[in-house]
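One structure, as structure tokens, below. Some questions next.
Residue numbering restarts at 1 for every chain, and letters A, B, ... go by the order of the sequence lines. Note that the structure is a prediction, hence the values are computed from the model and not measured.
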Amino acid sequence: MDALGTDWAIDWVRRSAAVVGEHRAELSGLDRAIGDGDHGENLDRGFRAVVAKLDEATPDTPGAVLKLVATTLISTVGGASGPLLGTAYLKAAQAAGDAPALDAAATVALLAAARDGVVTRGKAEPGDKTMIDAWTPAVEAAQQALDGGADAAAVLQAAADAAERGAEATDPLVARKGRASYLGERAVGHRDPGAQSSAYQLRAAADAAAEG
Amino acid sequence: MDALGTDWAIDWVRRSAAVVGEHRAELSGLDRAIGDGDHGENLDRGFRAVVAKLDEATPDTPGAVLKLVATTLISTVGGASGPLLGTAYLKAAQAAGDAPALDAAATVALLAAARDGVVTRGKAEPGDKTMIDAWTPAVEAAQQALDGGADAAAVLQAAADAAERGAEATDPLVARKGRASYLGERAVGHRDPGAQSSAYQLRAAADAAAEG
Amino acid sequence: MKKLIRDPQTVVHDALAGVAAAHAGLLRVQTDPDYVVRADAPVRGKVGIVSGGGSGHEPLHGGFVGWGMLDAAVPGPVFTSPTPDPILEATKAVDGGAGVLHIVKNYTGDVLNFETAADLAQAEDIAVETVVIDDDVAVKDSLYTAGRRGVAGTVLVEKIAGAAAERGDDLAQVAAIARRVNENVRSMGLALTAPVVPHAGVPSFDISDHEVEIGIGIHGEPGRERIEWEPVDGLVGRLLEPILEDLPFTSSDDVLLLVNGMGATPLLELYIAYDAAASVLRERNIQIARSLVGNFVTSLDMAGASITLLRLDDELKALWDAPVETAALRWGR
Amino acid sequence: MKKLIRDPQTVVHDALAGVAAAHAGLLRVQTDPDYVVRADAPVRGKVGIVSGGGSGHEPLHGGFVGWGMLDAAVPGPVFTSPTPDPILEATKAVDGGAGVLHIVKNYTGDVLNFETAADLAQAEDIAVETVVIDDDVAVKDSLYTAGRRGVAGTVLVEKIAGAAAERGDDLAQVAAIARRVNENVRSMGLALTAPVVPHAGVPSFDISDHEVEIGIGIHGEPGRERIEWEPVDGLVGRLLEPILEDLPFTSSDDVLLLVNGMGATPLLELYIAYDAAASVLRERNIQIARSLVGNFVTSLDMAGASITLLRLDDELKALWDAPVETAALRWGR
Ligand SMILES: Nc1ncnc2c1ncn2[C@@H]1O[C@H](COP(=O)(O)OP(=O)(O)O)[C@@H](O)[C@H]1O
Ligand SMILES: Nc1ncnc2c1ncn2[C@@H]1O[C@H](COP(=O)(O)OP(=O)(O)O)[C@@H](O)[C@H]1O
Ligand SMILES: [Mg+2]
Ligand SMILES: [Mg+2]
Ligand SMILES: [Mg+2]
Ligand SMILES: [Mg+2]
């Protein structure tokens with residue numbers, strides 16, 4: 001498949017919901033170590049609501065799907081990750097516009113818009129030990145893949161791989177944003193839960209493109 | 001020694017203080033099982049104060065010693081055992097009067113007065129699982145010993161033996177007075193702390209007479 | 001044992017120093033013997049009200065000293081009744097010529113020590129009346145036992161008797177009001193954990209992660225019964241049923257519902273317990289006319305709660321609503 | 001996990017039902033979206049004050065809704081910021097035409113969700129000002145971090161801003177007063193145990209019987225440092241020193257001293273901690289002009305305490321003393 005359509009977007013969202021549900025306890029566990037232990041709960045509550053909405057609504061473009069994800073996450077997740085991820089999906093939706101399907105370049109643009117949205121709201125920089133540390137390498141790897149002539153699915157594959165490495169790379173960091181920043185040196189050795197959940201969502205996007 | 005003088009009374013009190021100190025944790029442990037866990041603390045606080053008073057004052061009759069014990073326990077122990085044991089010693093002191101020494105009959109009278117004092121204040125009957133279950137058999141055994149011609153030391157020996165048996169006999173009882181009464185059947189199988197501490201005090205009296 | 005204390009032997013003394021400093025305008029703390037007394041005591045012509053008992057139940061009793069409630073509180077060592085001396089001194093300190101009411105929770109130790117103090121006060125020509133509080137339905141009452149314990153209902157007696165004294169009732173009238181409250185109030189409590197008494201350093205009883213003690217007192221005594229944990233409605237029902245049956249409370253009664261925390265149970269849970277209790281009362285058509293939710297009669301750091309119902313009449317309502325100004329209960333001033 | 005709850009998923013909802021029933025004259029509880037609002041809201045011409053955040057800190061914020069304090073409180077799930085919808089609805093419900101102040105504790109989630117709600121309210125022509133509270137000196141502040149947390153000082157901001165709104169200050173003035181309080185208030189806390197979040201069912205961190213977490217937040221986050229337990233004076237010193245140095249508080253300052261319990265620490269211990277803190281302040285010739293001791297900003301069933309100092313001027317004193325009538329803080333009415 002070369003361009004990613006509405007089915008892909010819906011599949012992405014359902015896969016994200018599934019993977020978040022599966023890893024709920026793990027994500028809350030990561031958050032318990034350096035935050036307040038609710039990240040899995042928060043996202044699971046949000047993505048369940050998203051799936052419930054999807055069962056009712058019939059969004060007909062990738063952008064419409066992502067808009068639904070954005071507004072639902074914003075109104076159900078709360079915490080830090082609700083507005084931040086919500087903004088990511090909102091900006092992604094705006095980047096996708098009304099297009100019925102997204103080619104490789106549009107996919108990179110979507111990822112970049114999402115990342116920029118999180119940065120604008122959360123003011124985090126790479127290395128601050130936040131979800132940005134998954135999104136930023138993902139965007140960069142996606143751009144490189146695009147530059148190398150990859151199709152949309154391969155772009156997402158590259159993004160997902162990079163996001164996973166980015167999440168892992170948060171382990172040794174001291175946090176400068178979010179609750180983990182209160183811990184100082186004690187955050188070292190723990191993975192950032194938001195980076196990990198972002199990597200899961202990007203892997204879901206890639207899998208939906210590859211297998212969908 | 002046939003009659004028990006002031007030295008005996010002082011020795012009794014010091015031995016009581018020592019034995020209560022030694023068994024403080026045990027008595028509080030008994031009280032934790034069926035009461036509020038402070039009986040050892042309460043009596044230890046009281047008898048330490050008694051010893052401190054004795055170091056200053058120079059009571060010159062057994063009655064004066066017992067009066068000092070009574071008022072000090074009443075003003076330092078608190079709880080149920082403070083006024084009850086305080087009354088016991090107060091009535092014992094009144095029974096001893098101004099006599100410089102107590103013969104066997106006076107010793108029995110002293111024990112009976114102490115027991116009656118506790119009953120008057122606390123309204124407990126034998127078998128209610130209280131200190132009375134140590135004092136009552138003690139008084140009866142003392143009377144029997146007296147009837148059999150025992151001297152004062154032997155009277156106390158008999159009283160102490162009976163008090164110990166009486167304390168042991170509280171194990172299977174349901175309590176009808178004191179905090180243990182709130183437990184119903186759950187008090188069964190536990191010794192009454194006040195009966196146990198009373199047995200210790202009577203043993204101290206007998207030892208003081210035997211060895212003093 | 002980890003506690004915010006200096007030394008297990010000085011906890012009451014150290015806490016009283018804090019109380020004195022934190023509430024200087026409201027009360028004075030006397031030491032040796034120790035008691036807490038209203039800043040303006042004795043109030044001439046007003047009946048004085050003294051309560052007390054072992055410490056560890058804070059804010060009871062010191063938190064209720066002030067205008068419209070207690071004139072003095074006498075704290076014993078943790079969970080141990082005070083001796084007669086401080087009770088006597090507190091009684092003398094609050095006698096404004098109209099006599100003094102002793103509000104005593106029904107525990108052998110409290111009753112006996114207050115009794116002695118009352119005798120001594122009367123010997124010094126102070127009129128003393130005593131009202132013994134025994135609201136705990138977990139304990140079977142009988143002539144042949146120590147009878148029911150006094151628990152959270154005590155705070156309602158103290159508030160209402162305090163208002164009666166403040167409006168100028170004489171000693172017999174204040175005592176009669178206090179007795180009327182006691183006759184119309186019933187309580188029962190449960191524990192999820194045991195308290196750790198500072199000088200003991202270990203929990204007062206062992207209890208596992210899935211057990212609940214029903215019918216506990218406020219001194220770390222075990223309860224009458226141990227059950228498996230169940231959701232709040234079941235637990236509250238086990239407290240409320242015996243309460244409702246006992247008085248009995250009946251349809252169209254007006255009541256005050258007090259959900260009292262034992263010390264370590266968060267307010268979030270107390271409000272859930274309140275909701276559970278209110279549902280039961282609604283079903284029975286019993287009107288909750290007044291409410292109180294919080295930690296009032298505690299047992300150190302025990303987790304758990306008690307439920308108290310007081311049947312109200314118009315006079316009791318008015319006395320409840322009357323202004324009060326204490327560290328732990330305050331309105332209208 | 002033993003708690004007085006029905007279901008970990010419904011704790012906030014169930015507690016709100018209890019709050020609604022227990023304080024019917026004072027407030028209303030709206031559901032879907034959930035918020036707590038003053039019974040007489042909106043008050044025409046008065047600046048409305050809304051606060052909120054994750055639940056589990058009770059009585060914060062719902063316990064401070066009422067005359068002279070908050071107009072509405074927006075409770076999120078336990079330890080999780082509410083979403084913008086209920087914040088927006090609460091803002092609309094309390095706007096009496098004079099605009100609305102948002103009092104927001106400085107956590108990324110609270111700040112972002114309140115920000116979105118404020119944008120939406122402004123889009124509906126409601127003037128909104130936001131004051132972010134960041135009183136926790138345990139956290140190093142910097143332009144490059146999330147900054148300090150908002151903790152127990154929040155209750156002082158809410159009381160004083162509430163009094164300013166009640167006396168008729170306009171939105172800019174109320175916001176300025178709130179900022180002035182925030183600028184003059186500093187806090188720090190410690191934990192002896194970790195809270196158990198209902199849906200997690202296990203303690204938020206592991207801590208042994210002889211350890212203390214210093215510099216904790218109010219969401220079961222671990223603190224900055226773990227030490228061996230020591231007696232109260234040492235522990236209080238570790239909280240008070242960074243507070244005193246930070247503002248800094250200096251000789252002859254007038255302060256309000258708040259000793260706040262984290263939920264499971266008994267009042268007896270809080271008064272001992274108060275005594276320890278008061279001794280330090282006395283030595284430094286800092287005057288305790290006002291005091292507050294109790295559980296105000298909690299962390300579920302966490303044992304521990306925090307210390308808060310607010311430097312007072314005459315206006316802040318007068319606003320602190322002004323009447324207030326809420327479930328958890330009440331005087332003068
Ligand atoms: N300023 C920020 N910028 C980007 N991401 C952030 C920021 N603050 C927090 N996060 C992310 O949010 C995650 C925590 O989300 P969550 O636990 O759901 O919210 P909360 O911290 O409010 O409990 C962190 O792991 C981090 O990745
Ligand atoms: N009514 C009573 N008559 C006689 N002894 C009693 C009575 N009530 C309690 N006791 C005795 O007091 C003991 C408890 O004393 P203590 O623990 O010091 O006081 P408290 O029960 O107030 O904590 C009981 O073990 C019992 O022997
Ligand atoms: Mg979190
Ligand atoms: Mg005892
Ligand atoms: Mg006791
Ligand atoms: Mg959170």
Between Phe79(C) and His57(C), how do the two ring planes meet: parallel, tilted or perpendicular, split at 30° and 60°?
->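 Plane angle under 30°, so parallel.
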Under 4.5 Å, counting heavy-atom pairs only, tell me which of Gly223(C), Gly76(C), Gly220(C) racks up the most with chain B.
-> Gly223(C)
Taking 4.0 angstrom as the limit, do Lys129(B) and Asp133(B) come out as a salt bridge?
->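 Asp133(B) and Lys129(B): not salt-bridged.
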For chain C, which residues from residues 76-84 of chain B lie under 4.5 Å away (heavy-atom distances)?
->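 Only Thr76(B), Val77(B), Gly78(B), Gly79(B), Ala80(B), Pro83(B), Leu84(B) of residues 76-84 of chain B have a heavy atom under 4.5 Å from chain C.
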What residue in Thr80(C), Thr108(C), Asp110(C) has the most heavy-atom pairs under 4.5 Å with chain B?
-> Thr80(C)
For Asp206(C), is it the side chain, the backbone, both or neither that has a heavy atom under 4.5 Å from a heavy atom of chain B?
-> neither
Identify which part of Pro203(C) has an atom lying under 4.5 Å from any heavy atom of chain B, answering side chain, backbone, both or neither.
-> backbone
Are the side chains of Glu213(C) and Ile207(C) in touch, meaning some heavy atoms are under 4.5 Å apart?
-> yes
Verify whether one side chain among Thr31(C) and His13(C) offers a donor that lies under 3.5 Å from an acceptor in the other.
-> no
Report the option among Asp38(B), Thr87(B), Asp31(B), Asp128(B) that has the most heavy-atom pairs separated by less than 4.5 Å from atoms of chain C.
->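 That would be Asp38(B).
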Side chain, backbone, both or neither: which part of Asp85(C) has an atom under 4.5 Å from a heavy atom of chain B?
->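 Contact with chain B: side chain only.
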Is it the side chain or the backbone of Pro222(C) that comes within 4.5 Å of chain B heavy atoms, both, or neither?
-> both
Against chain C, label Arg121(B) side chain, backbone, both or neither, depending on which of its atoms sit under 4.5 Å from a heavy atom there.
-> both
Interatomic spacing from NE2 in His219(C) to OG in Ser81(C) - rounded to 0.5 Å =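 The distance works out to 9.0 Å.
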Below 4.5 Å from any heavy atom of chain B, which atoms of Val202(C) appear? Answer side chain, backbone, both or neither.
->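 The side chain, not the backbone.
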Distance-minimising heavy-atom pair for Asp135(C) and Thr154(C) =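 Of all heavy-atom pairs spanning Asp135(C) and Thr154(C), the closest is OD2-N, 4.3 Å.
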Side-chain heavy atoms of Val131(C) within contact of Glu129(C), under 4.5 Å = no
Salt bridge flag under 4.0 Å for residues Asp161(B) and Arg203(B) =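 Looking at Arg203(B) together with Asp161(B), the answer is yes, because their closest N to O distance falls below 4.0 Å.
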Pick from Gly147(C), Pro82(C), Pro84(C) with the largest number of heavy-atom pairs that fall under 4.5 Å of chain B =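 Winner by heavy-atom pair count: Pro84(C).
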Salt-bridge criterion met for Glu168(B) and Arg165(B) (N-O under 4.0 Å) |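 Salt bridge absent between Glu168(B) and Arg165(B).
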Pick whichever of Leu112(C), Val139(C), Val197(C) has the most heavy-atom pairs under 4.5 Å with chain B.
-> Leu112(C)
Are Arg191(B) and Asp171(B) close enough that some pair of their side-chain heavy atoms sits under 4.5 Å apart?
->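 Result yes, sub-4.5 Å side-chain heavy-atom pair found.
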Relative to chain C, which segment of Arg32(B) carries a heavy atom at a distance below 4.5 Å: side chain, backbone, both, or neither?
->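 Arg32(B) touches chain C through backbone and side-chain heavy atoms alike.
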Examine the side chains of Asn260(C) and Ser306(C) and answer whether a donor and an acceptor come within less than 3.5 Å of each other.
->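 Distance-only check passes for Asn260(C) and Ser306(C).
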Glu125(B)/Arg176(B) salt bridge by N-O under 4.0 Å criterion = no
Given Arg148(C), which of Asp136(C), Asn106(C), Asp134(C), Asp246(C) fulfils the side-chain hydrogen bond (donor to acceptor under 3.5 Å, both in side chains) condition?
->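 The single option meeting the side-chain hydrogen bond (donor to acceptor under 3.5 Å, both in side chains) with Arg148(C) is Asp246(C).
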Heavy-atom contact with chain C under 4.5 Å, split by part of Ala33(B) |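 Backbone of Ala33(B) only, per the 4.5 Å heavy-atom cut-off to chain C.
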Using non-hydrogen atoms and a 4.5 Å limit, figure out which bit of Pro77(C) sits close to chain B: side chain, backbone, both or neither.
->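 The side chain, not the backbone.
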Which residue out of Ser75(B), Ala180(B), Gly40(B), Ser28(B) racks up the most heavy-atom pairs below 4.5 Å with chain C?
->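 Winner by heavy-atom pair count: Ser75(B).
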